[in-house]
Amino acid sequence: EGVPYTIIPGPSAVLTGYLASGFPGEFTFFGFLPAKGEERARKLEEVLSCEKVGILFEAPHRIERLLREIGEKTPDRPLFLGKELTKKFEKYYWGTPLQLLEEIGTPKGEWVVVISPAPPSGKWLGSLQQLIREIEKLELPPKQKAKLLSKVTGEPVKEIYNRLIK
């Protein structure tokens, strides 16, 4: 129509989720997965084999299903979930799929799912000790690092935090 326009940046749940996750490297945004069927399974396989950080949106009535699906394929894969990102009541969660299933409670609200990058083989092959060392290297505040390490190790956040600040 020939009408001039401009773009005004605003809050982005994709970028907020990526930055809050603490996962290093480039990311790929996959949007919403198909709701069901073979197409969903294929797309999820693509996301899980991506060697970049993968970011998805998921509806509240499907978030538990997604965590179960990821848990069946890569049970030790580190994930980040952001609920209601860029909004007043946003909440962050880190852990493996099964840990997150237990933690999220009633899955209301909009979800951003950030999946740690797959190693070149397409499967999570790292040891727990490797993962801990990688988390400790992240440039995050000690409190966030302690929460993430607590999710991975099961150790109390306070003990980890005290060790990190010494």
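Residues take their numbers from the sequence shown, with the count starting at 1.
The main-chain N or O of A35 is never found under 3.5 Å from a side-chain atom of R62 such that the two would form a donor-acceptor pair. Within the 3.5 Å criterion, the main-chain N or O of W94 finds no donor-acceptor partner in the side chain of K151. With hydrogens and angles ignored, the 3.5 Å screen pairs no side-chain donor or acceptor of E90 with any backbone N or O of K83. In this structure, the side chain of E45 does not engage the main chain of A41 through any donor-acceptor pair within 3.5 Å.
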_Stepwise ring-ring contact (aromatic ring centres under 6.0 Å, His included) check, F57 with F30_ = CA-CA 8 Å; F57 285 159; F30 292 93; over 10 Å; no

*Starting from the C-alpha separation in whole Å, work towards a yes-or-no answer on side-chain contact (heavy atoms from CB on, under 4.5 Å) for I55 and V113.*
CA-CA 6 Å; I55 303 176; V113 180; over 6 Å; no

*Would you check, one step at a time, whether the test side-chain contact (heavy atoms from CB on, under 4.5 Å) holds for L44 with E69?*
CA-CA 9 Å; L44 181 57; E69 290 170 331; 3.6 Å; yes

*Test Y93 against L79 for side-chain contact (heavy atoms from CB on, under 4.5 Å), laying out the working first.*
CA-CA 8 Å; Y93 303 90; L79 304 176; over 6 Å; no

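In terms of heavy atoms, V112 sits closest to A13 at CG2-CB, 3.8 Å. The minimum heavy-atom distance linking S150 with P156 is given by the pair OG-C, 4.3 Å. Closest non-hydrogen pair, I70 versus P97, comes out as CG2-CG, 3.6 Å. In this structure, P24 and P117 approach most closely via the heavy-atom pair O-CG, 4.1 Å. Among all heavy-atom pairs drawn from K43 and P34, the shortest one is CB-CD, 3.9 Å.
Taken from CD1 in I165 to NZ in K143, the straight-line distance is 12.0 Å, to the nearest 0.5 Å.
Salt-bridge formation is detected for the pair R40/E58: a Lys NZ or Arg NE/NH1/NH2 atom is positioned less than 4.0 Å from an Asp or Glu carboxylate oxygen. Here R42 does not pair with E46 in a salt bridge; the nearest charged N to carboxylate O distance is not below 4.0 Å.
Residues F80 and F23 keep their aromatic ring centres 6.0 Å or farther apart.
Here the rule is side-chain contact (heavy atoms from CB on, under 4.5 Å) with T74, and of I115, L48, T96 only L48 fits it.
For residues 7-35, every residue pair satisfying the side-chain hydrogen bond (donor to acceptor under 3.5 Å, both in side chains) rule, not counting sequence neighbours, is listed here: E26-K52. Here side-chain hydrogen bond (donor to acceptor under 3.5 Å, both in side chains) pairs that include residues 155-166, with residues two or more places apart or in two chains, are E155-R163.
Applying the side-chain hydrogen bond (donor to acceptor under 3.5 Å, both in side chains) rule to Q144 yields no partners; only residues at least two apart in sequence or on another chain are considered.
The number of heavy-atom neighbours closer than 6.0 Å to NZ of K147, taken from other residues, nucleotides and ligands shown, is 12 or below. By the neighbour-count criterion of 12 heavy atoms within 6.0 Å, atom CD of E39 is sparsely surrounded, having that number or fewer from other residues, nucleotides or ligands. Heavy-atom neighbours of K87 NZ from other residues, nucleotides or ligands within 6.0 Å: above the threshold of 12.
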